[in-house]
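A short worksheet on the structure shown next.
All of these numbers come straight from a predicted model, not from anything done at the bench. We count residues from 1, following the sequence as given.
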Amino acid sequence: MKIPWLTLLLLTWVHIVHALTFPKLPSIPSLFHSKKTYTEGERVDLIVNTVTSKKSNIPYSYYNIPFVCPPTENVNPVYMSLAEILHGDNFMQSDYVLNFKQDQPCLRICDRIMKNRNILKSINLIKNDYIADWLIDGLPGSTTFISDSLSDENKKYYVPGFPIGYTDGNDAFINNHIMMVIRYNSESDNTYSIVGFEIYPKSVDSFNCPGASKKFNPVKLDPNAETQLIHFTYSIYWREDSSITYSNRWNYYLDSSIIDSNGNLITSTNKSIHWISLINSFVIISLVSIVLGSIFLITFKSSSSNTIQPSSSPFLNIAHTAFNKPVWPHFLAILAGSGIQLIFTTLTTGLVSLLFIKNTFGHETTTLSAAVAILIIGGFFAGFSSIQLLKLFLINSQPNSTVGQLSYKKTIIISSLSGSPQL
């Protein structure tokens, strides 16, 4: 049995969309991210991402930071989707060893001797409030805050990322010890799901992990030192939390843009931005409506005063004038198809986000993946509408012509170009 060429084209299209938009690893959240469960003792991958700051527009890959432990030969980059690349992510494996439900009070990852130029660079990063981004099972490692302005049932919330250090006056201190608290929930058949990833960074001047003790001295970076030895350690604690389920684990995360430097929620700024966005959208829609209404009214009056066809209605005259062959019909067909593709992408992405993507925060790459996939699918409607519009122009300008007289080469070129400008 012969397979129709349209079926082969559709299958090829699906594979291209999947390759471009959907992540390869289950540890990275995606539109079809399935629930992953773990058993006791199972290895859990810790993925490091980027280091960013609100005070600077320059992000860094985690392993490009001058004071982190360099990766071993076992560390490999994580395959990313197009949406994650556009989002600016840079996922890498790490040398941190995590085994499910197995606490590790103190582990030593490396001792690093920093040269003076690296010390100065680290001081600059710390003073610019750079934060590191780690992930476990798609959840970002987060700083924990408690706020009285939240509901009584849940006063705790997470802000993704953790500071790489802190300042005290003109002095900079590096967070060389990381305490991780991973919260999980029990599932069926002695399996568990991860529902929380808390990080508590500390600055410790020795290779002994402080634990819950506060009797330790921090590591102060000396800008005048030629070299400085720093010990990097970490600890892991697994805690069961039945109050958090896998389906609502993102409810505890808040955007860092609504948090001030003291960890308090900012409500007035968020409301003002919300109203400014609404007013801005209303003004734009009103201006576009006025312009389109003015154009339609002028065209209507011009067609009404036409003496060539007095018996025709104004609307028929408008239709006849609008579908006359333009100067560049092929170019107009391409632009019209691209506009249809953009409208289809915007409306469909909004509908998909409304129905299927419940939490927009933490799922930026999910929404972007869906938008890219819908944009590619919309290329079909762009090509189809462009060809139909081109047929209408050519047939109206040449009443004796037929559809079959259109050039196949031009048809293929128009169909391909009309679906590609948005990409």
Side-chain angles (χ1 to χ4, degrees), residues 31 52-57 59 82-83 86-88 149 159-160 250 253-261 264-305 314-315 317-319 321-323 326-328 331-379 381-382 385-386 389 417-423:
L31 183 62
T52 58
S53 171
K54 294 181 180 179
K55 295 182 179 180
S56 174
N57 295 324
L82 176 62
L86 295 176
H87 189 255
S149 59
V159 176
W250 282 100
Y253 285 85
L254 295 179
D255 193 349
S256 59
S257 61
I258 63 174
I259 308 296
D260 61 14
S261 58
N264 299 320
L265 294 177
I266 303 175
T267 56
S268 58
T269 303
N270 192 32
K271 290 181 179 179
S272 62
I273 293 176
H274 177 70
W275 281 109
I276 290 175
S277 300
L278 289 178
I279 295 173
N280 183 41
S281 301
F282 177 76
V283 171
I284 292 176
I285 293 175
S286 301
L287 290 177
V288 172
S289 301
I290 292 173
V291 171
L292 291 178
S294 301
I295 295 174
F296 181 80
L297 184 60
I298 293 173
T299 307
F300 180 79
K301 290 182 178 180
S302 176
S303 299
S304 299
S305 59
F315 293 101
N317 290 333
I318 292 174
T321 304
F323 289 103
V327 180
W328 295 307
F331 185 66
L332 179 59
I334 292 175
L335 293 180
S338 300
I340 292 176
Q341 182 184 18
L342 184 60
I343 294 174
F344 171 80
T345 303
T346 304
L347 296 179
T348 308
T349 302
L351 183 62
V352 170
S353 301
L354 179 63
L355 297 179
F356 300 103
I357 306 176
K358 301 299 182 182
N359 282 296
T360 55
F361 175 72
H363 292 76
E364 293 89 351
T365 57
T366 301
T367 306
L368 189 56
S369 296
V372 173
I374 294 171
L375 180 66
I376 296 175
I377 296 173
F381 300 98
S385 58
S386 297
L389 187 60
L417 289 179
S418 60
S420 61
Q422 304 301 331
L423 296 177

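A side chain to side chain contact (heavy atoms under 4.5 Å, CB included) with Gln341 is found for exactly one of Ile374, Leu375, Thr346, namely Leu375.
Ser385 places a side-chain N or O within 3.5 Å of a backbone atom of Ala382 that can act as its donor or acceptor partner.
Atom OG1 of Thr345 is separated from atom CD1 of Ile376 by 9.5 Å, given to the nearest 0.5 angstrom.
Across all non-hydrogen atoms, the minimal contact from Tyr253 to Pro160 is CD2-CG, 4.0 Å.
Evaluation of the side chain to side chain contact (heavy atoms under 4.5 Å, CB included) rule for Ile343 yields Leu347 as partners, not counting sequence neighbours.
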